[in-house]
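Keep in mind that the numbers below use all heavy atoms, side chains included, and drop hydrogens, waters and symmetry copies. Sequence lines set the chain letters: A, B, ... in the order given, protein chains first and strands last, and positions in each chain run from 1.
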There are 2 protein chains.
Amino acid sequence: MTKKKALLLDLVREKPVHLTAEQIFLLAKERSPGISMATVYNNLGALSHEGLIRRVHIDGQADRYDRTVEPHEHFICDECGEIRDIFFHGFTEELAKRLGERISSYELNVRGVCAACQRS
Amino acid sequence: MTKKKALLLDLVREKPVHLTAEQIFLLAKERSPGISMATVYNNLGALSHEGLIRRVHIDGQADRYDRTVEPHEHFICDECGEIRDIFFHGFTEELAKRLGERISSYELNVRGVCAACQRS
DNA sequence: GAATGAATTTAGAATGATTCTAATTTTTGA
DNA sequence: TCAAAAATTAGAATCATTCTAAATTCATTC
């Protein structure tokens, strides 16, 4: 765990929002001005493989990085674009039961209009 | 509905597999040799918007096109890469109930080892 | 059947996120 | 202190997809 890797991990962990590599790069530059995009990608990739953060793919967008590594789902607001974590307790087991196969991972992205946007 | 658009729709409908734009392009050339990649993308995009086919995004792969437009899920084999349709009856309603929000769409990709690969 | 305008198709350039490469810098530990 | 290993870097490469602007096809009207 190098200094820059630790910095990137901190940045992902600091906020509950799901940042893109670009956003993380800009934040990282404030604390480590010479850092390069390659280092950001290298380390975010490594951290994801090590299971310390989680890479989130959302159709048509740059990948995002999530501090929450436990299995969970995502809700994406059609209006404001906000990405919110959802936790469906026991979902993996339910999937396994319904499928009858061993599951290594899954990805569930739900879209709709969030409560805040529905009000306005 | 132009001839080429109809051809592309046919190609997607012909086989149960989920083809990429590239694969569809190669098949289309057999029946319409001068067809261009741009036409393939234009028409597959249009057909998807019209709801006649469905565009499927799988992390790290080129998009695929699915003849099945009803809401359903996908199982991707970690070993052979096969993409299989899953039908979880009432899943949209279950999601809506658990979330308490109106859902416009969702995407569920499940990964694991398919039965065929487990045997070998 | 020719003329007109709209829609489709086309080749190739542009895009943009990500990965790769090869060189440089930093770190480690003998 | 030195050598080897690891991390970092700039920039090139990749690749699916979209965009652009020109060419072609199509439908409609006279």
Could you tell me whether [X] contacts a base, only the sugar-phosphate backbone, or nothing, with contacts defined as non-hydrogen atoms closer than 4.0 Å?
X	answer
A/Asn43	sugar-phosphate
A/Gly45	nothing
A/Arg64	nothing
B/Thr2	sugar-phosphate
B/Ala62	sugar-phosphate

Using atom [atom1] of [X] as one end and atom [atom2] of [N] as the other, report the distance to the nearest whole Å.
X	N	atom1	atom2	value
B/Asp59	C/dA17	CG	C1'	13 Å
B/Gln61	C/dT18	CD	C1'	16 Å
B/Tyr41	D/dT20	OH	C1'	17 Å
B/Leu19	D/dA16	CG	P	15 Å
A/Asn42	C/dA22	CG	C1'	13 Å
A/Lys29	D/dT8	NZ	P	17 Å
B/Ile24	D/dT17	CD1	P	10 Å
B/Met37	C/dA14	CE	P	19 Å

**Item:** Closest approach of B/Ile76 to B/Gly81 (non-hydrogen atoms, all atoms of both residues)
**Value:**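 So the minimum-distance heavy-atom pair works out to CG2-O, 4.2 Å.
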**Request:** Locate the shortest heavy-atom distance separating B/Phe75 from A/Leu99; write the atom from each residue and the value.
**Result:**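 Taking every non-hydrogen atom into account, CD1-CD1, 3.8 Å.
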Does the side chain of [X] reach to within under 4.5 Å of the side chain of [Y], using non-hydrogen atoms?
X	Y	answer
A/Val69	A/Leu52	no
B/Arg54	B/His72	yes
A/Leu8	A/Ile53	no

**Message:** Is there a side-chain contact between A/Thr39 and the phosphate of D/dT8, meaning an N or O under 4.0 Å from OP1 or OP2?
**Reply:**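 Checking D/dT8 against A/Thr39, no side-chain N or O comes under 4.0 Å of OP1 or OP2.
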**Message:** Whether A/Lys4 contacts D/dT9 is assessed here as follows: a side-chain N or O lying under 4.0 Å from the phosphate OP1 or OP2. Is that the case?
**Reply:**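 For D/dT9, OP1/OP2 do have a side-chain N/O of A/Lys4 under 4.0 Å.
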**Prompt:** More 5' along DNA chain D: B/Lys3 or B/Glu22, using each one's nearest nucleotide?
**Reply:**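 It is B/Glu22, whose closest nucleotide lies nearer the 5' terminus.
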